[in-house]
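Each chain gets a letter, A, B and so on, in the order its sequence line appears, and its residues count up from 1.
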Amino acid sequence: MTSVLTLAGVSKSFGAARALVDVDLEVHPHEVVAVVGDNGAGKSTLAAMLAGVHQPDSGAVLVDGEPVRLASPATARQRGIAAVFQELALCDNLDVVENLFLGHELEAGPFLDEVAMERQAWELLDQLAARVPSVRMPVSALSGGQRRTVAIARALLGDPRVVVLDEPTAALGIRQTAQVLTLVERLRSRGHSVVLISHSTADVQAVADRIVVLRLGRVNGVFDADAATSEDLLAAITGAAPAAPRTRRPGAAPVEGGPR
Amino acid sequence: MSAGEDAGALRSLWRRMRAGELRMLPIVVALLVIWVVFGIANPTFWTAENLVNLSLQSVSTGVIALGVVLVLLVGQIDLSVGSVSGLAAAIVAVGSVQWGWPLALGVVVAVVVGMAVGLVYGIACTRLGLPSFVLTLAGLLVLAGVQWRVLGTDGSVNLPFGSWLVRFSQSWFVPAAVAWVAVVVVVLVVAGVALLERRRRVLVDLPAESLGRIAARCALLAVVLALVVGYLGRARGVGVSVVFFLALVVVADVLLRRTRWGRSMRAVGGSRRAALLAGVPVRRTLVSAFVACSALAAVGGVLAAGRLAAANQGTGGGDVFLTAIAAAVIGGTSLFGGRGSAWSAVLGVLVIQSIANGLTLLDLDSAARSIVTGVVLALAVSIDTLVRGRRET
Ligand SMILES: Nc1ncnc2c1ncn2[C@@H]1O[C@H](COP(=O)(O)OP(=O)(O)OP(=O)(O)O)[C@@H](O)[C@H]1O
Ligand SMILES: [Mg+2]
């Protein structure tokens, strides 16, 4: 199967900190790929790279098998990749519609087409079954869950092929977490590929097709979501034991293995 | 039922005030209070002739304050607007009087120099990451020096009274008939735009402004404009330079509220990182804000030269930059970036000039003026911080 998006041997360092080391990742059409790992494993760095915020030091990013340079978030978007960042990255002083269309506003002649934008905003939020009191409210007045919905809705706006969600369930209540996970499934059924970043193995097992485990910047195992158990995942995340035999990448053994 | 409605209306008023829609309301009230107090203290304040003077005095600083609003919106500051305006005044005066340039050429050169200064700030701020506070403080000193060099040893150059720039700033007034036609046209345009927008929204089932509210808004606008035109008309009338200033404000307001550029400005001021991640051209937006600010400062300087019929070492010096920044903030533009409106330049400068004018009429010196203006500024910043603080907690 051809993959929509591929990372081939990608590395990224920040000074002495090696955030990503020789990472391979494939994202196929209509697939939810989960990336799990402990704090500091490099998950957000991976998301930022897919979204065009960071560029790899070495290795290649391929879209439809073609090497590309995602120089900026705008370029990534043009290539059909949109991201929701861990810290959401909304402008608090702008209202919901303004945030949704920021950077790609609809225009009628030289002026903004507020009516069209507001209408599309409602449609989009309805599709996501999102409850927002008013789309003309500054996002600073919204709850955490509502803000996240706005951020996700914004990522979906240009109908991207790949949606990267960095910790979409962090700091959410049980019901809202369930809503976000339903949303992820809805995205897949609508034809998007999803890269779901999380450190909750339970969430990930509920919706993902494939699970990639990152540990200290390296891929420490790739699992089929149906086959993997929580124990397998935990072991790969913490490096407590060698990656389970179900992994497709037996070579990726932990560096400093053994139980602590 | 109606009590509940009232409470609801009040609550929505408060919410909208906090949301920024009605941030202007406190300052409008403050302005009215200032006018009433000075009017009672010295009835001369209310004479049409004095108000005509007040309006003419406000133009130069108002244009500079409009530029300051733009840099504040993107979360930056420009301390050198006074020096830029002084340099522009010097270029116009020296160019046309000593070097024999046509006046128009002097004006164009002055504005281009202003834009170049803004470009340098913008590039230094975005490419080198220099903080605009220090950058423009350096600019303030450097440009004041350049201004003195341009003026030469005399330190002062007079413009001929007959020149169009002096007449434009001092003695050109809009004929009454034209002013009244303009009032009607403005009200009709505002009403037309509101009705069109309402129709479009109703057609697609979006909540729309009620016809009553549109009517009330237009009626209020008509009354305010009619009062201004009618009352100032009892003396010399509405100055052409005043109309020029208001036209600049309207253009800036439309650009800020209705175009992609304006949206980018507010986004960059709200959260530079979020704007960047959303694909907003952050650097270009910042540079454009600095360029527009310095260009407007230059225009303000040119107008000041016209109003004084001279340029000297004091033009644009002293507290001009402080007054302009204070005007922008008093008018409701946030020092913290991302919140504000072009109209805050008008309101702020009216407050400051009314205080100056009123205190002068009361024979109080500039010490009193400075103290009162400072207190008003402190109040304005407190309101700004309060609103912001409430939002973030
Ligand atoms: N901009 C940066 N500058 C320097 N170091 C960075 C930067 N971004 C990330 N790092 C480092 O890279 C490593 C991976 O960070 P990253 O944010 O990708 O982890 P994460 O898996 O998202 O963690 P978390 O679960 O806490 O969000 C960390 O050691 C971090 O300190
Ligand atoms: Mg992270």
Review point. At a heavy-atom separation under 4.5 Å, does B/Leu255 approach chain A through its side chain, its backbone, both, or neither?
Key: neither

Check your understanding: Counting N and O atoms only, with roles assigned by atom type, does the side chain of A/Asn93 sit under 3.5 Å from a partner on the main chain of B/Gly338, one being a donor and the other an acceptor?
Key -> yes

Point to revise | A/Phe101 portion near chain B, given a 4.5 angstrom heavy-atom threshold | key: neither

Exercise for review: In plain terms, say whether A/Glu114 and B/Arg201 are close enough for a salt bridge, that is, a side-chain N and a carboxylate O under 4.0 Å apart.
Suggested key: no

Point to revise | Segment of B/Leu277 engaging chain A (4.5 angstrom heavy-atom cut-off) | key: both

Review point. Of the backbone (N, CA, C, O) and the side chain (C-beta and beyond), which part of B/Arg273 lies under 4.5 Å from a heavy atom of chain A, both, or neither?
Key: side chain

Review point. Which of the residues B/Val204, B/Val254, B/Val280 is involved in the greatest number of heavy-atom pairs with chain A at under 4.5 angstrom?
Key: B/Val204

Revision key, fill the gap. If one checks every heavy atom of A/Val115 against chain B at 4.5 Å, the contacting part turns out to be both

Revision key, fill the gap. Of all heavy-atom pairs linking B/Ala275 and A/Leu102, the shortest is CA-CD2, 4.2 Å

Exercise for review: Mark yes when over 12 heavy atoms from residues, nucleotides or ligands other than A/Met117 sit less than 6.0 Å from its CE; otherwise mark no.
Suggested key: yes

Point to revise | Gap separating the OG atom of B/Ser271 from the CG atom of A/Leu90, nearest 0.5 angstrom | key: 8.5 Å

Check your understanding: Which of these, B/Arg258, B/Arg266, B/Arg260, B/Arg263, sits in a salt bridge (Lys or Arg N to Asp or Glu O under 4.0 Å) with A/Glu105?
Key -> B/Arg260

Study note, to complete from the structure: Heaviest contributor of heavy-atom pairs below 4.5 Å to chain B, chosen from A/Leu112, A/Val135, A/Asn99, is A/Leu112

**Study point:** B/Arg217, CZ: over 12 other non-hydrogen atoms inside 6.0 angstrom
**Key:** yes

Check your understanding: chain B heavy atoms under 4.5 Å from A/Glu98: which part of the residue, side chain, backbone, both or neither?
Key -> both

Check your understanding: So which heavy atom on A/Cys91 is nearest to which on B/Ala267, and how close?
Key -> SG-O, 3.4 Å

Practice item. Measure distances from B/Arg272 to the heavy atoms of chain A and classify the residue's part below 4.5 Å as side chain, backbone, both or neither. Key: neither

Exercise for review: Below 4.5 Å from any heavy atom of chain A, which atoms of B/Thr259 appear? Answer side chain, backbone, both or neither.
Suggested key: both

Point to revise | Other residues, nucleotides, ligands: >12 heavy atoms within 6.0 Å of B/Phe133 CZ | key: no

Check your understanding: Got a sec: does the CZ of A/Arg188 have more than 12 other heavy atoms crowding it under 6.0 Å?
Key -> yes

Check your understanding: For A/Ile174, does the CD1 atom have more than 12 heavy-atom neighbours from other residues, nucleotides or ligands under 6.0 Å away?
Key -> no

Review point. Has B/Arg199 got more than 12 heavy atoms of other residues, nucleotides or ligands less than 6.0 Å from its CZ?
Key: no

Review point. Taking all non-hydrogen atoms of both residues, which atom of B/Gly279 and which atom of A/Ala74 are closest, and how far apart?
Key: CA-CB, 4.3 Å

**Study point:** Top contributor to chain B contacts, counting heavy-atom pairs under 4.5 Å, from A/Glu87, A/Arg154, A/Arg77, A/His104
**Key:** A/Glu87

**Study point:** Heavy-atom closest pair, residues B/Leu206 and A/Arg119
**Key:** CD1-N, 4.1 Å

